[in-house]
Asks: 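Got a structure for you, questions after.
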Amino acid sequence: MSNTTKGIIALLISSLGFSLMSFFVKYSGDLPTVQKTFFRNFISMVISLSLVIYYKEKLFGQKKNQGLLLLRSSLGLLGVLLNFFVIDRMVLSDAEILNKLSPFFTILLCALFLKEYIRRYQMISIIIALVGAVFIIKPSMSSDTAFALLGILGAILAAGAYTVLRVLGDREKFYTVVFYFSGFSTVALLPFFIFQYESMTFEQWIMLILAGIFAAFGQFGLTIAYSFAPAREISIFFYSTIIFTALLSIFILNEVPDMMSVIGYFIIFGASYYMFMKNRAPKEEF
């Protein structure tokens with residue numbers, strides 16, 4: 001099995017995990033964003049800690065990688081906070097597709113900071129995807145537009161985290177990277193969690209625990225995927241999340257996206273599919 005195929009499988013698992021995470025975060029109801037994010041990262045920390053201990057790896061990685069691990073964790077935490085904030089305030093599938101602009105931004109950031117070559121068709125795809133985002137955002141002076149822009153900012157921060165993962169590659173085990181991120185996030189959020197904590201029902205506890213478990217699945221899959229292959233080769237498979245999320249949103253949450261949003265979904269997915277097909281013929285320049 002090639003590294004690209006391994007990356008694709010890992011990304012599909014990651015997509016399913018993140019889709020279920022988003023659903024349970026939304027389904028947990030009206031709780032502070034920090035509280036939801038804390039649970040998501042605390043559960044992931046516990047799961048990844050057990051793997052680090054089992055494989056007898058270093059908890060916090062190698063000394064030479066501390067800067068990268070801190071940067072990845074900081075960008076990831078900010079991205080998750082914004083994503084959860086937007087999930088609670090938009091149609092779930094709208095929030096999810098905006099977050100899935102991150103692979104396009106990852107290509108730009110990898111080209112800018114890692115000097116990975118970006119082809120003309122990739123740039124065209126990125127522009128088309130941003131046009132699709134406009135259909136979802138539906139620019140106006142309303143709060144919905146502000147939430148959507150925050151969703152895009154969250155996608156940019158997530159792309160920054162994924163770019164750092166490309167630099168880390170296989171320098172650290174995936175469970176060490178996930179533990180570092182989850183542990184960093186848990187400690188950073190703890191004071192805000194204590195200050196803003198709101199009591200929860202038994203059902204809400206279960207929802208947030210499940211969100212944390214599936215977040216761990218998503219994070220493991222994502223970390224593994226981008227260590228196997230560059231974003232330009234596998235990023236389209238991250239969009240399988242939209243299918244899962246849309247089904248959950250429509251049939252369980254009774255949230256149906258409007259026609260403008262649906263057009264935006266197709267434009268963004270079309271841009272990603274076009275880029276993927278061109279990547280299958282790497283010798284072509286267009």
Asks: Check this for me: F42, atom CZ, are more than 12 non-hydrogen atoms of other residues, nucleotides or ligands nearer than 6.0 Å?
Replies: no

Asks: Between T176 and L59, is the side chain to side chain contact (heavy atoms under 4.5 Å, CB included) condition met? List the steps.
Replies: CA-CA 6 Å; T176 297; L59 285 176; over 6 Å; no

Asks: Dump the intermediate steps for side chain to side chain contact (heavy atoms under 4.5 Å, CB included) on L208 and M200, then the final yes or no.
Replies: CA-CA 10 Å; L208 291 185; M200 299 185 294; 3.5 Å; yes

Asks: For the ring pair Y197 and F193, is the centre-to-centre distance below 6.0 Å?
Replies: yes

Asks: Is any side-chain heavy atom of V34 less than 4.5 Å from a side-chain heavy atom of F195?
Replies: no

Asks: Provide the closest heavy-atom pair for E255 versus L92 in the form atom of the first, atom of the second, distance.
Replies: OE1-N, 2.9 Å

Asks: Just so I know, are the side chains of I9 and I13 near enough to count as touching, which here means a heavy-atom distance under 4.5 Å?
Replies: yes

Asks: Hey, does L108 have a side-chain heavy atom less than 4.5 Å from the side chain of M123?
Replies: yes

Asks: Measure the shortest side-chain to side-chain distance between S240 and L16 over non-hydrogen atoms and say whether it is less than 4.5 angstrom.
Replies: no

Asks: How are the rings of Y175 and Y55 set relative to one another: parallel (under 30°), tilted (30 to 60°) or perpendicular (over 60°)?
Replies: parallel

Asks: Does the distance from a Lys or Arg side-chain N to an Asp or Glu carboxylate O, for R89 and D144, drop under 4.0 Å?
Replies: no

Asks: Which value, rounded to the nearest 0.5 Å, describes the distance between T186 atom OG1 and L77 atom CG?
Replies: 9.0 Å

Asks: If I compare all heavy atoms of I128 with all of I267, which pair ends up nearest, and what's the gap?
Replies: O-CG2, 3.3 Å

Asks: To the nearest 0.5 Å, what is the distance between CZ (F214) and CD1 (I43)?
Replies: 12.5 Å

Asks: Where do V86 and A95 come nearest, in terms of heavy atoms and distance?
Replies: CG1-CB, 3.8 Å

Asks: Has the side chain of S74 got a donor or acceptor atom that lies under 3.5 Å from a matching backbone atom of L71?
Replies: no

Asks: Which pair of heavy atoms, one from S48 and one from F179, lies closest together, and at what distance?
Replies: OG-CA, 3.1 Å

Asks: Counting distance only, does the side-chain N/O of Q122 pair as donor-acceptor with the main-chain N or O of F104 below 3.5 Å?
Replies: no

Asks: Determine whether a donor-acceptor pair (N or O, by modelled atom type, separation under 3.5 Å) exists between the side chain of E57 and the backbone of K173.
Replies: no

Asks: So which atom in G212 and which in S44 form the shortest heavy-atom distance, rounded to 0.1 Å?
Replies: O-OG, 3.3 Å

Asks: If you measure from NZ on K26 to CE on M90, what distance do you get to the nearest 0.5 Å?
Replies: 9.0 Å

Asks: Can you tell me how far CD1 of I126 sits from CD1 of I268, rounded to the nearest 0.5 angstrom?
Replies: 12.5 Å

Asks: Go through the steps for L248 and L20 under the test side chain to side chain contact (heavy atoms under 4.5 Å, CB included), then give the verdict.
Replies: CA-CA 9 Å; L248 292 169; L20 289 169; 4.1 Å; yes

Asks: Got R171 and V167 here, is their nearest side-chain heavy-atom distance under 4.5 Å?
Replies: yes

Asks: Within a strict 4.5 Å, meaning less than it, do heavy atoms of the L149 and L153 side chains meet?
Replies: no

Asks: Distance check, rounded to the nearest 0.5 Å: N83 atom CG versus N99 atom CG?
Replies: 4.0 Å

Asks: Between atom CD1 of I8 and atom CZ of F237, what is the distance when rounded to the nearest 0.5 Å?
Replies: 4.0 Å

Asks: Should S249 and V91 count as side-chain neighbours, where that means a heavy-atom distance under 4.5 Å?
Replies: yes

Asks: I'd like to know if the side chain of Q204 reaches the main chain of S28, judged simply by a donor and an acceptor atom lying under 3.5 Å from each other, with no hydrogens or angles considered.
Replies: yes

Asks: Which atom names give the shortest non-hydrogen contact between G221 and S14, and what distance separates them?
Replies: C-CB, 3.7 Å

Asks: Ignoring hydrogens and geometry, is there a side-chain-to-backbone donor-acceptor pair from T245 to S93 under 3.5 Å?
Replies: no

Asks: Return the orientation label for the F85 and F147 ring planes: parallel under 30°, perpendicular over 60°, tilted otherwise.
Replies: perpendicular

Asks: Only one of L82, L81, I87, D88 forms a side-chain contact (heavy atoms from CB on, under 4.5 Å) with F84, so which one is it?
Replies: I87

Asks: Please determine if K58 and E172 form a salt bridge, counting it only when a charged side-chain N lies under 4.0 Å from a carboxylate O.
Replies: no

Asks: Within the structure provided, determine whether F60 and L69 are in side-chain contact (heavy-atom separation under 4.5 Å).
Replies: no

Asks: Ring of F181, cation from R72 - is the NZ or CZ under 6.0 Å from the centre and inside 45° of the axis?
Replies: yes

Asks: Indicate yes or no for a side-chain donor-acceptor contact from S19 to the backbone of S15 under 3.5 Å, with no hydrogens or angles considered.
Replies: no

Asks: Walk me through whether L190 and F38 qualify under side chain to side chain contact (heavy atoms under 4.5 Å, CB included).
Replies: CA-CA 7 Å; L190 184 59; F38 178 87; 3.8 Å; yes

Asks: Classify the side-chain pair K138/S261 by whether it contains a donor and acceptor separated by less than 3.5 Å.
Replies: yes

